[in-house]
Amino acid sequence: MIDAKAVRANPDAMREVVRVRKVDPEKANVDRWLELDGARRELQSRIDGLNGEKKELAKLGKSDPDAARQKGQELRERGREMEQELGGIAAEWQEIMDWFPNWPHPDMPEGMGEEENVEEKAWIPRQGYLSADKLGRGETSGEYMPKRPVHAADQDFKPLHHAELGIKLGGIDTLQGGQVSGSRFAYLRGDVALMQYALSQLLIDELLARGYEMFVPPLLVRERALYGTSHFPEGRDQVYGIKTDNVEEGTDLFLVGSSEPTNFSYFMDRTLDAVELPAKVFAYTACFRSEAGSWGKDVKGIKRVHQFDKIEMNAVCLPEQSEEVYEEFGQVNEWLLQQLELPYRIVDKCHGDAGYLASHRQRDLEVWMSGSGEFMEVMTDTNATDYQARRLNIRYKGEEGRGFCHLVNDTGCAMGRLLISILDNYQQPGGVVKVPEALQRVVKKEQLEPAGGK
RNA sequence: GGAGAGGUGCCAGAGUGGUCGAAUGGGCUGGUCUCGAAAACCAGUGUGGCCGUACGGUCACCGAGGGUUCGAAUCCCUCCCUCUCCGCCA
């Protein structure tokens, strides 16, 4: 949610943001909102005046109740009518506000879609960063990325899709997952499952060393939490709702698609002491997504599934800290990918592709799948400034003043997709997969081999 | 799931129909006193909306939402949450 005063002061700016962020102008209807806003304020001040009269009358009533009675009844009736009218106006006013996107960062690239995202960096194991002239819009860096699996000693073989590798290794079973839970569910087994454990340990150790606090949050949340981070209303179709016939009535619960809503909601309706900020936390949780609207897309393997594990990094900070935290999260992302020696690029998302309404600035980290020759998004770093904090009512108070906190979120490690990245980039002839050095300590193997022999 | 007790300001805690945005105590801030500190004393100390350049004014808020009433923190209804005992359970 943005500050109503700011829209009132500059409606043209909001019209422009709605346009470039490609928000449905019927939903984020600035003109209608301005009408409602005027009506709302006018009506509110009339109600305030009437309440003042009622107050005076109430004082009179204690000495002479009879005299106050008739006038009072009349005022009450008028007040009720006005309040009812206000209720309707305020509801629509809020409904439109809910679709106003956050103000974009002045440097957010202009553009209507992913082909206009701007490449910030690209990194290749043993080579380092690509020079700036090899970066650009869209997928400019792609042609400079490795054409064969980067960690294969012998490159003369036909690389396999991660789904096939997973089957050969006996480590990914989507068939039985489908039998048990339906399509887009999978079992991870044995060393592949162990590799996920190794991934989580690698990052958790790093985050703890950096002073982040670990959370184990609730995964079933009320609507407020998802509304608060702006996953509702816009992403409502991505979320599993739980029928709660067996529990308290009136408590519809939703499975989180990320621990971002539940982590940030820990701070809702609180005023935090400025000296304690930034508060940087992380959680390793399951995430649930309906993937409505992407039927038929990425159906092979575990790239797009209904349930996956993820370490999420979240920070609650002061307004002047959010850009710095946004950079720091990006550094953690790069640290992990470099530890794993995976080729990747970072893209600065443009207006038309900057994710949900809360985004003020957003970057994706995409691993280069050297086996299959494509980029795959594995992490998203987002500075939501005070947009979510307003909805969740997270404030700070310090000597400098008070206000709404800024919230920054980033994928620490999306387990499934990192596993895919590893399988793809570390594959060898015959379906053998080398274990990244950084994971060998936990996996206790140098390579994984197809089940049933070498 | 059964039975009971509660939710008031930063904290503790009063308030069961009017004069209550709310006693009192603690905390915090400023002042007096002191070489300094403590103690003591004095004053101040919530959030949000609207109006105003400002001093300020005004309205709302005592878990949430409805209702009764001229008037609600106080009465009624629904919901949420917390606590105690019993049951069940990883």
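Predicted model, so just to flag it, every value in this text is computed and none were measured. Per chain, numbering begins at 1; letters A, B, ... match sequence-line order.
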Would you measure the distance from the [atom1] atom in [N] across to the matching atom in [M] and give it in whole Å?
N	M	atom1	result
B:G2	B:U74	C1'	31 Å
B:U16	B:U68	C1'	16 Å
B:A43	B:C33	C1'	15 Å
B:G13	B:C20	C1'	16 Å
B:A12	B:G6	C1'	16 Å
B:G21	B:U45	C1'	14 Å
B:G67	B:U58	C1'	27 Å
B:A64	B:G7	C1'	12 Å

Tell me: [atom1] of [X] to [atom2] of [N], nearest whole Å?
X	N	atom1	atom2	value
A:Glu77	B:U69	CD	C1'	12 Å
A:Arg224	B:G65	CZ	P	12 Å
A:Glu53	B:A60	CD	P	13 Å
A:Ile394	B:U47	CD1	C1'	17 Å
A:Lys397	B:U29	NZ	P	13 Å
A:Glu74	B:U69	CD	C1'	16 Å

The side chain of [X] is closest to which nucleotide in this list: [options]?
X	options	result
A:Arg402	B:U47, B:C80, B:C59	B:U47
A:Lys5	B:G18, B:G49, B:G48	B:G49
A:Arg395	B:U68, B:G48, B:C80	B:G48
A:Arg80	B:C70, B:C59, B:U69	B:U69

Which base sits across from [N] as a Watson-Crick or G-U pair, both distances under 3.5 Å?
N	answer
B:A54	none
B:G4	B:C83
B:C70	B:G18
B:U47	B:A60
B:C41	B:G31
B:C10	B:G26

Between A:Gln388 and A:Glu260, a side-chain donor and acceptor under 3.5 Å: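 Yes, because at least one side-chain N or O of A:Gln388 sits under 3.5 Å from a partner of the opposite role on A:Glu260.
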Indicate, with a heavy-atom threshold strictly under 4.0 Å, whether [X] touches base, sugar-phosphate, or nothing.
X	value
A:Lys71	nothing
A:Arg76	base
A:Arg78	nothing
A:Gly72	sugar-phosphate
A:Gln44	nothing

First of A:Gly52 and A:Gln70 reached from the 5' end of RNA chain B, by closest nucleotide: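 Looking at the nearest nucleotide for each, A:Gly52 comes out on the 5' side.
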Which residue lies more 5' along RNA chain B, comparing A:Ala68 with A:Gly49 via nearest heavy atoms: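 The residue whose closest nucleotide sits nearer the 5' end is A:Gly49.
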Please state whether the phosphate of [N], meaning OP1 or OP2, lies under 4.0 angstrom from any side-chain nitrogen or oxygen of [X].
X	N	answer
A:Arg41	B:G49	no
A:Arg8	B:C50	yes
A:Lys55	B:C59	yes

Shortest non-hydrogen separation from A:Arg224 to A:Leu392 and the atoms involved: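 Closest approach of A:Arg224 to A:Leu392: NH2-O, 3.5 Å.
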Ring centres under 6.0 angstrom apart (A:Tyr387, A:Trp103):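 Aromatic pair excluded; centres sit 6.0 Å or further apart.
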A:Phe215/A:Tyr266 aromatic ring centres below 6.0 Å: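 Yes: the rings meet the under 6.0 Å criterion.
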Whether A:Phe288 and A:Tyr240 hold their rings parallel, tilted or perpendicular, with breakpoints at 30° and 60°: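 The rings of A:Phe288 and A:Tyr240 stand perpendicular, inter-plane angle above 60°.
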Identified side-chain contact (heavy atoms from CB on, under 4.5 Å) counterpart of A:Asp191 within the set A:Lys445, A:Glu449, A:Gln447: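 The passing option is A:Lys445.
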Short N-O contact, A:Arg189 and A:Asp173, less than 4.0 angstrom: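 No, no charged N to carboxylate O under 4.0 Å.
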